[in-house]
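This report refers to the structure that appears directly beneath it.
All values below were derived from every heavy atom in this structure, side-chain atoms included, with hydrogens, water molecules and symmetry-related copies excluded. Labels below follow one simple rule: chain letters A, B, ... track the order of the sequence lines, proteins then strands, and each chain is numbered from 1.
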2 protein chains.
Amino acid sequence: MSLRYALLALVRVGPQSGYDLQKQFAVSVGHVWHAPDSQIYPELRKMEAEGLIRGEEQTRGERGTRRMYHVTPAGHRAFLEWIASPPEYQRVRDPAHLRAAYLEAATPDQARAFLRAHIAQWEGELEQWEGELRRIDAVDNPMLLRRLAVTADEDRERTIAYKRFAYEGLVERARGEIAWARRGLALVDRLEGTPG
Amino acid sequence: MSLRYALLALVRVGPQSGYDLQKQFAVSVGHVWHAPDSQIYPELRKMEAEGLIRGEEQTRGERGTRRMYHVTPAGHRAFLEWIASPPEYQRVRDPAHLRAAYLEAATPDQARAFLRAHIAQWEGELEQWEGELRRIDAVDNPMLLRRLAVTADEDRERTIAYKRFAYEGLVERARGEIAWARRGLALVDRLEGTPG
DNA sequence: AAGTACATGTAAGCAGTTACATGATTGG
DNA sequence: CCAATCATGTAACTGCTTACATGTACTT
């Protein structure tokens, strides 16, 4: 249910095609909220039908077209209402910790493989998020630049600070997961004897 | 997709009715993997159809019945295969951090309300998980006791240690989220001026 | 001429949510 | 007798996944 607000956040900085948005998802918001194109294009159509955005067909070359979307006043309002609304939390559903709770049923090697996969997973996420943090600090992120271009000078600091804040939280979470899994590896060694 | 394995983990300690399992979800595994009864009962039927568990209808009072499920050899194998299989990770989709990245669009009070809600949410989870940790340490959790009753002595330490490990990870995550949101509150004060 | 990037979807299916529905048994 | 708990679901809907489908335009 956050997909449309992630899309609104992107369209708010200026007109974009579905393809543009899909690409942005792969590099910026997508680091916080993943969405495949098979979800983005239909959602844009729905948002247009609900009046949050308006699309205008543009020609491209001889026969090609693309649909450029821009946010409507209703869309702008919807975004601000979302920002102001009480956050919704999903019920906890954590496959990694569920499995960790039953590692006694695994062989030592299986336990280690699981923990190493957990570390690899979160190191991958960590890399993405740290990269994003560096791009924020270097004011180098294309989306952030477009955002700042339509932002009053006195709001620039806030805009950057909150982006930083969000990604710092993700980075810390990743570091926490990695530290936990490393402690798990030490635990396996202690309980089952070191390998080799 | 982990629901059936959470259910298998519970049924593995001994025969249970759908109602029993649903209650266990509310107090033990449910702290890691939530599932409503409207999902549990149909899933049990599916698992029975696939031969992972077998249910036997019992009479209860004059006209009442209940269906007691026990794990089959195939179910036992499926559980061990799950434990040994490479973990699946969902693509990142984090509504709280998504919203945090756009807090510059909120008023200071809205930003604070969001961060306080985040703290309240994770303090609630933290309380559950710390309670579970205390019950593990006191060897006081009814499910853990049933588990240990069917566990060889030399595996008791491992069984307890991995449960502890799992819940420690959750506790740390909750603490991390709370610390992050508190830093967010300080950031709002710095950027927007302290209230009052 | 071929490959990459641009551009936009549909269709089937699964997991989970929310709301509703019903009845039996047990304990006070 | 009444309330709590035992007991088991169905139905409609939403969000997301996976796989498939198709064609244009630009660059080398």
Side-chain angles (χ1 to χ4, degrees), chain A residues 1-7 10-11 15-27 29-30 32-50 53 55-69 82 88-95 98 142, chain B residues 1-7 10-11 15-27 29-30 32-50 53 55-69 82 88-95 98 142:
Chain A
M1 11 72 249
S2 295
L3 174 59
R4 58 174 45 195
Y5 301 106
L7 288 169
L10 292 180
V11 183
Q16 321 250 358
S17 69
Y19 186 77
D20 292 336
L21 292 163
Q22 182 235 109
K23 288 286 133 181
Q24 286 307 319
F25 258 80
V27 295
V29 230
V32 184
W33 192 274
H34 169 82
D37 35 341
S38 67
Q39 208 185 351
I40 289 173
Y41 288 110
E43 183 66 23
L44 289 170
R45 290 287 177 174
K46 271 176 66 184
M47 288 165 73
E48 186 173 12
E50 293 174 39
I53 54 176
E56 269 152 32
E57 207 78 15
Q58 281 188 351
T59 58
R60 181 174 157 269
E62 294 288 298
R63 276 179 304 281
T65 62
R66 71 173 160 183
R67 197 164 182 82
M68 293 299 279
Y69 290 102
W82 170 70
E88 292 161 37
Y89 289 88
Q90 304 295 123
R91 308 303 296 265
V92 51
R93 203 167 277 115
D94 190 324
L98 173 65
Chain B
M1 9 72 249
S2 295
L3 173 58
R4 58 176 46 196
Y5 301 106
L7 288 168
L10 292 179
V11 183
Q16 320 250 359
S17 68
Y19 187 79
D20 292 337
L21 292 163
Q22 183 234 110
K23 288 285 134 182
Q24 286 307 321
F25 259 80
V27 295
V29 231
V32 184
W33 194 274
H34 169 81
D37 35 342
S38 66
Q39 209 186 349
I40 290 173
Y41 288 111
E43 183 67 23
L44 288 169
R45 290 288 178 172
K46 271 177 66 183
M47 289 166 72
E48 186 173 12
E50 292 174 39
I53 55 177
E56 269 151 31
E57 206 78 15
Q58 281 188 351
T59 58
R60 178 171 160 273
E62 293 289 298
R63 276 179 303 279
T65 62
R66 70 172 161 183
R67 198 164 182 82
M68 294 298 280
Y69 290 102
W82 170 69
E88 293 162 36
Y89 290 88
Q90 304 296 123
R91 307 303 296 263
V92 51
R93 205 166 272 119
D94 189 325
L98 173 65

* **End-to-end axis angle, where each axis spans five pairs of the helix from C/dA1-D/dT28 to C/dG28-D/dC1, to 10°** =>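 So the angle between the two local helix axes works out to 20°.
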
* Distance, nearest 0.5 Å, that separates NZ of B/Lys23 from CG of B/Leu21 ->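 So the NZ of B/Lys23 and the CG of B/Leu21 are separated by 12.0 Å.
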
* In Å and rounded to the nearest 0.5 Å, what is the OG to CZ distance from A/Ser2 to B/Arg93? ->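 Reported to 0.5 Å precision, the distance equals 9.5 Å.
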
If I take atom [atom1] in residue [X] and atom [atom2] in nucleotide [N], what distance separates them, rounded to the nearest angstrom?
{"X": "B/Leu44", "N": "C/dA15", "atom1": "CG", "atom2": "P", "result": "14 Å"}
{"X": "B/Gln16", "N": "D/dA7", "atom1": "CD", "atom2": "C1'", "result": "15 Å"}
{"X": "B/Met47", "N": "C/dA15", "atom1": "CE", "atom2": "P", "result": "12 Å"}
{"X": "B/Gln90", "N": "C/dA15", "atom1": "CD", "atom2": "C1'", "result": "10 Å"}
{"X": "B/Tyr89", "N": "D/dT17", "atom1": "OH", "atom2": "P", "result": "17 Å"}
{"X": "A/His34", "N": "D/dT17", "atom1": "NE2", "atom2": "C1'", "result": "9 Å"}
{"X": "B/Gln58", "N": "C/dA24", "atom1": "CD", "atom2": "P", "result": "19 Å"}
{"X": "B/Glu88", "N": "D/dT17", "atom1": "CD", "atom2": "P", "result": "12 Å"}

* Min side-chain heavy-atom separation B/Tyr69-B/Gln16 under 4.5 Å ->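 No. Closest side-chain heavy atoms not under 4.5 Å.
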
* Asked: Do A/Tyr5 and A/Trp33 come close enough that some side-chain heavy atom pair is under 4.5 Å?
  ->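 No, side chains not in contact.
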
* Asked: Can you tell me if the side-chain N/O atoms of B/Arg63 get under 4.0 Å from OP1 or OP2 in D/dC6?
  -> no

* To do: Using salt bridge (Lys or Arg N to Asp or Glu O under 4.0 Å) as the criterion, list what pairs up with A/Arg66, not counting sequence neighbours.
  =>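 If we apply the salt bridge (Lys or Arg N to Asp or Glu O under 4.0 Å) test to A/Arg66, skipping adjacent residues, there are no hits.
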
* For A/Gly61 and for A/Ala35, find the nucleotide of DNA chain D with the closest heavy atom, then tell me which residue's nucleotide is more 5'. => A/Ala35

* Asked: Is A/Glu43 paired with A/Arg4 through a side-chain N to carboxylate O contact shorter than 4.0 Å?
  ->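 Yes, A/Arg4 and A/Glu43 are salt-bridged.
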
* Exercise: identify the closest heavy-atom pair between B/Leu44 and B/Gly18 ->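 Heavy-atom minimum between the residues: CD1-CA, 3.6 Å.
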
* Asked: Using a cut-off of 4.0 Å between protein heavy atoms and nucleotide atoms, how would you tag nucleotides 3-13 of chain C 5' to 3' with B, S and -?
  -> --SBBBBB---

